S.K.: 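Below: one structure in structure tokens.
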Amino acid sequence: MPISRRNFLKSAVATAIAANGLTLFPANFAFADDTLLIPSASHWGAFYGVVKDGKLIGIQPRKEIDPLPTEMLLEGLLSRTYNKTRIQYPMVRKSYLENLGGDTKPELRGKEPFVRVSWDTALQLTASAILHTIENKGNQGIFDSSYDGWSNTGLLRPPVVQGRFFNLIGGCSTTIGDYSAGASTVILPHIVGDMEVYSPQTAWPVIEKHTEVFVLVGSDPWKTNRVEFRVADHQMQSHWLKWKQKGIKFISINPKRTTTDRNLDSEWVSIIPGTDTALFNAMAFHLQDQKLADLEYLKKYTVGYEQYLDYLLGKQDGVAKTPEWAAKITGIPADEIKKLAVLFKTKKTQIAAGWAVQRADHGEMIHWSIINFAAMAGKIGKAGEGFGFSWHYGNGGMPQSGSSLPVTLGQGFNPISAGCPVVLQTEMLRNPGKSFTYNGQTLKFPDISMVYNSGNNLFSHQQNLNALIKAMNDKVETYVCQDTWWCASARFADIVLPATSALERTDITSGGTYSNNKVYAMQQVIEPYGESLDDFEIFRRLAKIFHVEDKYTTGKDMMTLLKTAYESSTAAKIKPFDEFWKDGVTVMPTPESADYWQRHGDFYDDPEKHPLHTPSGKIELYSESIAKMKLDDCPPVPTYMQPFEFLGNAKKGQLHILSPHPWMRLHSQMANADTNRYECVDGRQYLLINEQDAHDQGIVDGDLVELHNERGALLCGAKLSNEVRRGVACLHEGAWLQLDKLGRCNSGQINIITSDQACGGLSQGTSANTCLAYYKKCTDPCSPNKAYEPPMIEQPTGPNDGSILPMVDLNIDGRIALLHKANAGKVAPKISRGQEIFYASCTMCHAAPNPAAHTRGQWAGITQSMFPRAGLSAADRKLVLEYLDKHAAKA
């Protein structure tokens, strides 16, 4: 139900309420008539904000939607809302403010106090920095590091509105690819014609009826399905438990035993990290050696078997990829490798590999090797069998509704084509203009001097953070961070713009990443904290300064945009907007036929009528297109290549450090919430370490541990276990960064020690899970962890809320007038309707990729998963495909 803004909780009262604690109300709690339940939704689930007398008094989960709400929703959402780390006002780093146009002392980022300024001052300074960059380097000198903006789940999330603003003033340089599945999203379209990692999985009822063996490879669905890019509703657990009760055998290939394994009684196959490609190649060899390869299947559904067989037999390198060969690499006995190969061949087997395995050196190879093995076993497309790379995310396997979803303002077309793979941002700063390869293209880094970051924690997810900090200080003149909390990305900024939390803004979103079966209202529950503004409003104000406000908003206010988006979706046929807004959710029906959907089933039934979107129309065990790229680190068959760091070349005293997703956070979100105590030992991220490895260094449970290598050092807390392989330790990613006086991260932020070396020249994906580090008991901590404390704030001392240079001297209006005058004579390129739709509707997550990033055939496969989420009609889909066909890479 809507609530008047004047009755919302004021920030001063909020502090008092937070101090006294807020309440979690059970789903069946009966409220009095004077209590309002305001519907909203988050990455952690749908809920009601409970408001009484204009005050937020608690949270109530929606059990009719979410049967297993997590502690992150039940406790974390409340505790972080009024946390002491909230950014209440616009802030500017002291030396930046005092030395505008001069030496702003970037080396003091993250070390010196901030000064509170007014919104007018902060936006004028931001606009001046944008103009200065354009005047000196052109628009390519501005770098949008906002990536995908997980900060909230709404349609108008930060990267969408940020991209839209910059594209309206001439564009900016952007990121390319992603951290999540960067290697596989690039290589898999060459192999099976789709990204696969972002595609629907075989429907749950099909698995329950047909599957006999379910193989988890580096995957922990019980944990990773707790959160979602849109709204998690935790439907998968009950289905998977039914599979267990039915007798499906679960096998987990992983360096550690997982929560999923414990719930499903999985058989644990302990493997050395980074060696999965060797394992699956050896199993493929064993099928061939024992005459178990399905030759008829290979002939009908694949190409390149002969070339792959040459590799397996060692015809080029003289090394046969036998189980004995793989045993020395993987740490799995040869007899066990043979046993697994035969089991997977003779039983109806579904292989579910996570994304973590490809976040490693030569990450392009692992999912490909699984596909080749599954093809040799004759599994792909058969009922309940084959492979799937998204079972662990977004309720993978939930039957698909086929509905179209709401879509509102998109980012639009970016006139600047320059970009940088997310992993190579430090390299970009060090070497502007340097060439790099990406998916067969040779591109060049832009020459940037300004970074704008909104809605994500750059100083959490980027690898080798010490190198990034130095490169930023050396190269970046202005770094603007738009955030809700004082995470490291804000603390290392020059200008900090406070954004509202999800509870303090209005939006709509959807649920079921693959099922697409729900639309949620995100009603504003409480008044913005301090002077924070929602991201749409911040960029609207910037757009007004740059005289593009009308184009930015299209003349509509927020509610009109959201209503229009809703009414263009399937949901509007189910429930009118006003009723939806009151209820907070519209559930869209799923046809019964969806229960019988098998991934790659149409291809298996008739490969000529339903070919894959590869050059051959078949599964490519050997890729001629990759062969033509002639990349030393990406051969044309799935090849095991020794990682640059792994247990096979570790030195005495080193562990292989893996960085899996946390249990009680979404990356770094919730790190400042009460629930983070589950992640910590003595206030620092815990290190899951093998009991014997800990004993070797005199470490006991609860001790402080230092991890270090040539890239950096960090402190963490010891948590001993016999469920992690010897020589391997796990440190969950996402802890907030805080450097002590010795330069160590005092909080346990893993990316202080991870490598920013890309996994390969095809994808330039991350190799974060390829990481060795020395370990020891720490006896010299400098202080308790201070990552979750706000920075020092100084009162303004000069005119204009602290600025030494009066704002009028910045001459913003005059410089913008010159910018518009310079662009007035330029003829705007003609934009087809298909191009307009593509950049408006297909940019809700990351920025839309350059059409030349994929071939026509690959786009045909990729868009099958993209179009439903974009809510496109059949006519619009046709127009978009015509545009992509015209501008796609040559096959």
Side-chain angles (χ1 to χ4, degrees), residues 177 181-197 199 276-278 280-281 284-285 288 293 297-317 321 353 357-358 361-377 379-381 386-387 389 437-442 600 603 607 611-641 758-765 849 852-862 888-891:
S184 291
T185 55
V186 175
I187 196 167
L188 291 180
H190 294 281
I191 310 309
V192 282
D194 192 9
M195 289 182 177
E196 295 297 336
V197 289
S199 300
D276 303 80
T277 301
F280 280 90
N281 281 335
F285 177 96
Q288 178 70 25
Y297 184 98
L298 291 167
K299 181 178 180 181
K300 186 174 182 179
Y301 298 103
T302 77
V303 296
Y305 172 58
E306 293 80 7
Q307 292 94 329
Y308 182 51
L309 187 58
D310 285 348
Y311 166 71
L312 294 179
L313 297 177
K315 289 191 176 180
Q316 278 76 41
D317 60 8
K321 311 310 179 290
V357 291
Q358 55 86 63
D361 195 21
H362 309 302
E364 295 98 341
M365 298 291 110
I366 174 56
H367 284 157
W368 191 3
S369 69
I370 291 171
I371 290 170
N372 278 23
F373 169 77
M376 285 187 65
K379 300 292 184 182
I380 301 170
F387 69 87
F389 301 144
T437 57
Y438 180 78
N439 200 17
Q441 306 170 79
T442 298
H600 306 111
F603 168 68
L612 301 179
H613 299 286
T614 58
S616 65
K618 298 182 178 183
I619 302 164
E620 306 228 344
L621 308 186
Y622 165 93
S623 172
E624 183 63 33
S625 61
I626 291 175
K628 290 178 180 178
M629 296 179 194
K630 297 181 179 179
L631 297 168
D632 292 339
D633 55 8
C634 189
V637 294
T639 302
Y640 172 74
M641 292 167 281
C759 73
L762 178 75
S763 69
Q764 304 292 353
H854 300 288
T855 66
R856 294 175 60 185
Q858 289 170 354
W859 274 119
I862 292 166
K890 302 298 182 184

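Here the structure is a predicted model, which means the values were calculated and not measured.
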S.K.: So, the side chain of Gln358 versus the backbone of Ser184: is there a donor-acceptor pair under 3.5 Å, distance only?
M.R.: yes
S.K.: Does Glu624 reach the side chain of Pro615, with side-chain heavy atoms less than 4.5 Å apart?
M.R.: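 They are not in side-chain contact.
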S.K.: If you take the centroid of each ring, where Trp contributes its six-membered ring, are Phe387 and His600 closer together than 6.0 Å?
M.R.: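 Yes: the rings meet the under 6.0 Å criterion.
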S.K.: Taking only distance into account, with no hydrogens and no angle test, what donor-acceptor pairs under 3.5 Å do side-chain atoms of residues 298-305 form with protein atoms, sequence neighbours excluded?
M.R.:
unit_1	atom_1	unit_2	atom_2	d
Tyr301	OH	Tyr604	O	2.6
Thr302	OG1	Leu298	O	2.6
Tyr305	OH	Gln288	OE1	2.1
Tyr305	OH	Gln288	NE2	3.3

S.K.: Return the minimal non-hydrogen interatomic distance between Pro638 and Tyr308, and the atom names on each side.
M.R.: CG-CE1, 3.8 Å
S.K.: Between atom CD1 of Ile366 and atom OH of Tyr640, what is the distance when rounded to the nearest 0.5 Å?
M.R.: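 Those atoms lie 11.0 Å apart.
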S.K.: When you compare the side chain of Val197 with that of Thr185, does any pair of heavy atoms fall below 4.5 Å?
M.R.: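 Yes; the side chains approach each other to less than 4.5 Å.
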S.K.: Ignoring hydrogens and geometry, is there a side-chain-to-backbone donor-acceptor pair from Gln764 to Thr437 under 3.5 Å?
M.R.: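 Flag set: sc Gln764 to bb Thr437 pair under 3.5 Å.
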S.K.: Does the pair Thr277 and Thr639 meet the rule for a side chain to side chain contact (heavy atoms under 4.5 Å, CB included), with working shown?
M.R.: CA-CA 7 Å; Thr277 301; Thr639 302; over 6 Å; no
S.K.: When you compare the side chain of Ile191 with that of Thr614, does any pair of heavy atoms fall below 4.5 Å?
M.R.: no
S.K.: Find out whether Val186 and Tyr438 are in side-chain contact, i.e. whether some heavy atom of one side chain is under 4.5 Å from a heavy atom of the other.
M.R.: yes
S.K.: Would you say Glu620 and Ser616 are linked by a side-chain donor-acceptor pair, where the criterion is simply a distance under 3.5 Å?
M.R.: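 Per modelled atom types, Ser616 and Glu620 side chains form a pair under 3.5 Å.
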S.K.: Assess the side chains of His190 and Ser623: does a donor N or O sit below 3.5 Å from an acceptor N or O?
M.R.: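 Checked: His190/Ser623 side chains show no N/O donor-acceptor pair below 3.5 Å.
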S.K.: Would the number of heavy atoms belonging to other residues, nucleotides or ligands and lying under 6.0 Å from CG of Asp632 be above 12?
M.R.: no
S.K.: Going from CD1 on Ile626 to CG on Asn439, what distance comes out if it is rounded to the nearest 0.5 angstrom?
M.R.: 8.5 Å
S.K.: How far apart are the closest heavy atoms of Ile380 and Ile371, and which atoms are they?
M.R.: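 In this case the closest contact between Ile380 and Ile371 is CD1-O, 3.7 Å.
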S.K.: Over all heavy atoms of both residues, which pair between Gly761 and Glu364 is shortest? Give the atoms and the distance, please.
M.R.: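 Closest approach of Gly761 to Glu364, heavy atoms only: N-OE2, 4.3 Å.
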S.K.: Considering all heavy atoms of both residues, which atom of Ile187 and which atom of Cys634 are nearest to each other, and what is their separation?
M.R.: CD1-SG, 4.3 Å
S.K.: Report the distance from atom CG of Leu612 to atom NZ of Lys618, rounding to the nearest 0.5 Å.
M.R.: 10.5 Å
S.K.: Applying side chain to side chain contact (heavy atoms under 4.5 Å, CB included) to Met641 and Asp361, what does each step give before you reach the verdict?
M.R.: CA-CA 9 Å; Met641 292 167 281; Asp361 195 21; over 6 Å; no
S.K.: Nearest 0.5 Å, what's the CD1-CD distance between Ile370 and Glu196?
M.R.: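 Spacing of CD1 (Ile370) from CD (Glu196) equals 12.0 Å.
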S.K.: Is there a side-chain contact between Leu312 and Met376 in this structure, where contact means two heavy atoms from C-beta onward sitting under 4.5 Å apart?
M.R.: yes
S.K.: Going by distance alone, is a donor N or O of one side chain under 3.5 Å from an acceptor N or O of the other, for Ser369 and Asn281?
M.R.: no
S.K.: Passes side chain to side chain contact (heavy atoms under 4.5 Å, CB included), Tyr297 versus Ile619? Steps please.
M.R.: CA-CA 11 Å; Tyr297 184 98; Ile619 302 164; 4.2 Å; yes
S.K.: Where is the tightest heavy-atom contact between Ala183 and Ser763, given as atom of each residue plus distance?
M.R.: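 Reported closest heavy-atom pair: CA-OG, 3.3 Å.
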S.K.: Taking all non-hydrogen atoms of both residues into account, name the closest pair between Pro636 and Trp368 and its distance.
M.R.: O-CH2, 2.9 Å
S.K.: Side chains of Lys321 and Tyr311: closer than 4.5 Å at any heavy-atom pair?
M.R.: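 With C-beta onward as the side chain, the pair touches.
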S.K.: Should His613 and Val192 count as side-chain neighbours, where that means a heavy-atom distance under 4.5 Å?
M.R.: no
S.K.: Given side chains that start at C-beta, do those of Gln307 and Leu621 come closer than 4.5 Å, heavy atoms only?
M.R.: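 No - every pair of side-chain heavy atoms lies 4.5 Å or more apart.
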